[in-house]
Number of protein chains: 2
Amino acid sequence: MRRLSPETFDELCPSSMLPIRMQNKWAPLLMRVLGEGPQPFSELRRALPRTSAKELTRALRSLDRDGFITRAADPGSVGYGLTPLGQSLLVMLLDVYDWTAEHWDELVDARERADRAEQAQASATS
Amino acid sequence: MRRLSPETFDELCPSSMLPIRMQNKWAPLLMRVLGEGPQPFSELRRALPRTSAKELTRALRSLDRDGFITRAADPGSVGYGLTPLGQSLLVMLLDVYDWTAEHWDELVDARERADRAEQAQASATS
DNA sequence: CAGTATCCTCTATGATACTG
DNA sequence: CAGTATCATAGAGGATACTG
């Protein structure tokens, strides 16, 4: 898997177009980051600079509750890491990212078309 | 694809365990239902008895905006149906359902474990 | 470093009633 | 039949400040 850069997580980042989400806004990105290996809290913060500590914590709790990650899995290890279940989920999640990339143009076009139609509707009403 | 029965959509239905969702609560089920062929509003209501007309409409608007469904696609046809993009998405969505079914026990166990831990935490605090 | 605590706003969803 | 309109509530998520 390609290394992720912080810019990946901009406001206009491709994840905003993902047709499928996890419960938590930052969860899917967190999964991808953790897919690169176990990491402590501070590194996750650096990887997701647009997230507050509170939100990051909430996302981690949520993923933990669902059994996708663990805290300090290996004794003497670093903070958070994927469980086997989490790794399995990540595979599927990456398929979703791939699907999105493949259909990117269609997705963008559909939204633009819909927004234009809404615009036309609005100006006709006024 | 196996035919869907209304009971599939109970409160405790498996979809509540889906680790991945679409933006709208009813959207993924709607996709599955529409995967069985184009259908009018009234049939969709019957298929999703726990949804109000308002919520169903909102889900349909959302799916339409994203280009996954259309209204009255074929001239003289029935209400709503999947677009090619929607059909492509449905394939992936079914993979998600399959993944969930395959990992069902692990998912349930993880949540029960987490809830028990929270319980223990709560009683220790009080 | 690894979080927790507060305050605030916006959205999703439900329940219910109404309309062309 | 195929929706729209209104009211009300829970939770998501952002911003900011604080703690062991």
Side-chain angles (χ1 to χ4, degrees), chain A residues 6 9-13 15-16 18-30 33-34 38-66 69-73 76-81 117-118 121-122 124-125, chain B residues 9-13 15-16 18-31 33-34 38-66 69-73 76-81 111 115 117-118 121-122 124-125:
Chain A
F9 311 125
D10 275 356
E11 192 74 46
L12 297 173
C13 117
S15 75
S16 67
L18 269 190
I20 286 182
R21 315 280 183 83
M22 292 183 69
Q23 342 246 19
N24 186 289
K25 178 178 181 179
W26 300 103
L29 286 172
L30 222 29
V33 173
L34 287 173
Q39 291 166 62
F41 194 83
S42 56
E43 256 193 76
L44 297 176
R45 290 208 68 178
R46 242 167 286 130
L48 276 65
R50 310 186 71 87
T51 323
S52 70
K54 191 196 73 174
E55 286 303 301
L56 186 53
T57 301
R58 195 166 63 86
L60 289 167
R61 298 273 182 276
S62 164
L63 290 171
D64 177 51
R65 171 173 136 85
D66 286 343
I69 66 170
T70 37
R71 259 199 81 168
S77 84
V78 240
Y80 300 89
E118 203 182 323
Q121 180 67 21
T125 307
Chain B
F9 311 125
D10 275 357
E11 193 74 46
L12 296 173
C13 118
S15 75
S16 67
L18 269 190
I20 286 182
R21 316 280 184 84
M22 293 183 68
Q23 341 244 22
N24 186 290
K25 178 178 182 180
W26 300 104
L29 287 173
L30 222 30
M31 291 292 291
V33 172
L34 287 173
Q39 290 165 64
F41 194 83
S42 56
E43 254 193 77
L44 297 175
R45 290 209 68 178
R46 243 168 286 131
L48 276 67
R50 311 186 71 86
T51 323
S52 70
K54 190 197 73 174
E55 285 304 300
L56 186 53
T57 302
R58 195 168 62 87
L60 289 167
R61 298 274 181 276
S62 163
L63 289 171
D64 178 51
R65 171 175 137 86
D66 285 344
I69 66 171
T70 37
R71 259 199 80 168
S77 85
V78 238
Y80 298 90
R111 291 226 175 153
D115 289 350
E118 203 182 322
Q121 179 68 20
T125 306

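For clarity, every value in this text was computed on a predicted model and none was experimentally measured. Proteins get letters first, then strands, A, B, ... in listed order; numbering begins at 1 in each.
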Worksheet item: Atom CD of Q39(A) to atom P of dA2(C): distance rounded to whole Å?
Response: 12 Å
Response to the item:
Each nucleotide of nucleotides 13-20 of chain C classed B (base within 4.0 Å of a protein heavy atom), S (only sugar-phosphate) or -, in 5' to 3' order, makes BBB-----
Worksheet item: Hey, does the side chain of R21(A) come within less than 4.0 Å of dA12(D)'s phosphate (OP1/OP2), counting only N and O?
Response: no
Worksheet item: Of all the base pairs, Watson-Crick or G-U under 3.5 Å, which form stems of three or more consecutive pairs involving DNA chain D?
Response: C:1-20 with D:1-20
Discussion item. Distance check needed: dG3(D) P versus D64(B) CG, whole Å only.
Written reply: 11 Å
Discussion item. Please enumerate all residues that pass side-chain contact (heavy atoms from CB on, under 4.5 Å) together with N24(B), with sequence neighbours excluded.
Written reply: W26(B), A27(B), R58(B), A59(B), S62(B)
Worksheet entry | Euclidean distance, atom CG of residue L60(B) to atom P of dT4(D) [Å, nearest integer] | 10 Å
Worksheet item: Can you name the salt bridge (Lys or Arg N to Asp or Glu O under 4.0 Å) partners of R61(B), sequence neighbours left out?
Response: none
Worksheet item: What residues, two or more places apart in sequence or in another chain, satisfy side-chain hydrogen bond (donor to acceptor under 3.5 Å, both in side chains) together with Q39(B)?
Response: none
Discussion item. Rounded to whole Å, please give me the gap between CG in L56(A) and C1' in dA15(D).
Written reply: 16 Å
Discussion item. By nearest atom, which of the nucleotides dT4(D), dC1(C), dA2(D) is closest to the R61(B) side chain?
Written reply: dT4(D)
Worksheet item: Taking it one step at a time, do M22(A) and L63(A) satisfy side-chain contact (heavy atoms from CB on, under 4.5 Å)?
Response: CA-CA 10 Å; M22(A) 292 183 69; L63(A) 290 171; 3.8 Å; yes
